[in-house]
Number of protein chains: 2
Amino acid sequence: MSEWYQHAAAVLPNPSGNIAERRMAPPALAISTVIFALKPSVNSGRPTLWLPLVRRIREPFKGQWALPGGPLVHDESLQEAASRNLLETTGLAPRYLEQLYAFGGLHRSPSQRVVSIVYWALVQSEEAELPGEEENVRWFRADRVQGLAFDHQEIVDYALWRLRNKMEYASIAYHFLGEYFTLAQLREVYEAVLDRPLDPANFRRHVTNAAGIEPSDRYLQGGKHRPPRLYRYTGPAPSSTTAPNSTSAENRGTP
Amino acid sequence: MSEWYQHAAAVLPNPSGNIAERRMAPPALAISTVIFALKPSVNSGRPTLWLPLVRRIREPFKGQWALPGGPLVHDESLQEAASRNLLETTGLAPRYLEQLYAFGGLHRSPSQRVVSIVYWALVQSEEAELPGEEENVRWFRADRVQGLAFDHQEIVDYALWRLRNKMEYASIAYHFLGEYFTLAQLREVYEAVLDRPLDPANFRRHVTNAAGIEPSDRYLQGGKHRPPRLYRYTGPAPSSTTAPNSTSAENRGTP
DNA sequence: ACAAAAGTGTTAGGTTTACACCCATGG
DNA sequence: CCATGGGTGTAAACCTAACACTTTTGT
């Protein structure tokens, strides 16, 4: 895993060295994915944003952490490639998956020109346990990552910005949670991602007025206080169909 | 021009035919651009959205109209490729240029797998005259295009959606206009793109309260009535730097 | 003077925000 | 019965849409 730059290069006429030859080779095409999950902070226990990275085991940036990714394999759409990517890294099927951006700067990789089409994904916290044995995959706090290989720091920053931005107007927070959730849990998701406290009363109204969320007749038992009602998300599930068509979307600017 | 699919294929180990061989070839990488300009409608004379298309002169979809595009040439970033693209088609440097989406479906092109990274651009109407001699480049009304080659119809529809969407929250309308413009002209831009009338009084307030627009001490003379004041856009000009970093942005969903 | 567009004022309605308050449950 | 989070009510502040009205020019 994660040694695809080498692999991609092997397909090309001239893998290395000769500059004149290199200019003739078409850029390699790669797919990478920024995967977000909420996990309890080690200190406060409150949920915070985490993402998995893989350690590079070969030379461009050997030993440094990088986004999970791989070459674009034939007979596989861009989305499918990202999805497979996610499965191999976290063992999960994506709850939410959307294209982020195509990064194509000339010197992203020192050895060879690589164009990366990057996706971003949301997965559920509990299920997001790594396949154990993997020593070269580790979760990091999303706001603490640094020293990444290639331009992956910039990519992570942009994905974070997009997540925060989109969270404010689109119904994506649900994809961090299971089928049933309390409004307090949902609020904690928003507070973790947006990194600011929200008024519980106003949050309740905002979210119950929104379409796509339905109260169930179940309650969460076992708490210390009054058992909160459980809700379900019944809106569209763009899990594997976030394309430019239909009702999909991207993000919003800050102006 | 516009015969780059062939050209790209020529670089690859196995240009055609053999399916087993074809699966080994990496997908070709192309850049295309959706270029928008406002031109007066032939009937009403009011400004409407237009875009330039190029006629295909070789076989996949020969004779049909397609988006301007070409292969990704070495020593040229994605943005630079799109920018060159735009220059060759309209003779203009882009006033606004932003990445739209990477289209990578398996069967976009019948002969060979092609991944297209598509940009969208805004140019000024008056200057957007074609280099005359070009018989294979023509402007079409954006809401009337049909029968395009490949999946370009879908791409145009998405670009249109994105333009309309982004127009509602970002300061991009200015890029259709010259340095000095009246508020009525600016309102006509919004009305043409959003395809609905706007209240002049409220529009004025909305736009004069927004940052990045300054009144000048000049007035537009020569009209039939009271000469309107001329304004200037003084906000950030993302003309060639619309990357995921900085204050750039993409679009907003239809939650 | 009159028509028409430029530009200003005003008001009703909706949305957001802050916070007071009641409800229900475990201890 | 009390502490605590679940859940409801309410009023000020703010934003938006609709439209009446005044101003300024060319004819």
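Everything quoted here is computed from the prediction, not taken from an experiment. In what follows, chains are A, B, ... by sequence order, proteins preceding strands, each numbered from 1.
- Between A:Y231 and A:E214, the closest side-chain pair of non-hydrogen atoms is not below 4.5 Å.
- Atom CG in A:N209 sits about 13 Å away from atom C1' in D:dT8, given to the nearest Å.
- Residue contacts for A:R229: at a heavy-atom cut-off of 4.0 Å it reaches the sugar-phosphate backbone alone, with no base atom in range.
- When every heavy atom of A:R162 is checked against every heavy atom of A:Q99, the shortest pair comes out as NH2-O, 2.8 Å.
- In this structure, A:R218 satisfies the cation-pi test against A:Y180, with its NZ or CZ atom closer than 6.0 Å to the six-membered ring centre and inside 45 degrees of the ring normal.
- Both B:D199 and A:G222 lie close to DNA chain C; mapped to their nearest nucleotides by heavy-atom distance, the more 5′-ward contact belongs to B:D199.
- One interatomic measurement links the two molecules: CG of A:N202 to P of C:dA18, which rounds to 8 Å at whole-angstrom precision.
- Here the C1' atom of nucleotide C:dC23 and the OH atom of A:Y219 are 12 Å apart, to the nearest Å.
- Under a cut-off of 6.0 angstrom, the local environment of CD in A:Q146 is sparse, with at most 12 non-hydrogen atoms contributed by other residues, nucleotides or ligands.
- At the heavy-atom level, B:A201 lies under 4.0 Å from base atoms of the strands shown.
- Of the candidates D:dG5, D:dT10, C:dG7, C:dG7 carries the atom nearest the B:P228 side chain, counting heavy atoms from C-beta on.
- Straight-line distance from the CG atom of B:L198 to the P atom of D:dC19: 15 Å, rounded to whole Å.
- Per the geometry, NZ belonging to A:K224 stands 16 Å off P belonging to D:dA3, to the nearest Å.
- At whole-Å resolution of the value, OH in B:Y169 and C1' in D:dC15 are 21 Å apart.
- The side chain of B:R226 sits closest to D:dT24 out of D:dG9, D:dT24, D:dC19.
- Among the nucleotides D:dG6, C:dA6, C:dT10, the one closest to any side-chain atom of A:R204 is D:dG6.
- Between B:L183 atom CG and C:dT8 atom C1' there is a gap of 13 Å when expressed in whole angstrom units.
- Using a 4.5 Å heavy-atom cutoff, the side chains of B:Y190 and B:L198 are in contact.
- The side chain of A:H225 has C:dT25 as its nearest neighbour among C:dA5, C:dA6, C:dT25.
- If you check distances only, the side chain of B:R205 never reaches the base of C:dG7 with a donor-acceptor pair under 3.5 Å.
- Rounded to a whole Å, the CZ atom of A:F203 is 19 Å from the P atom of D:dG9.
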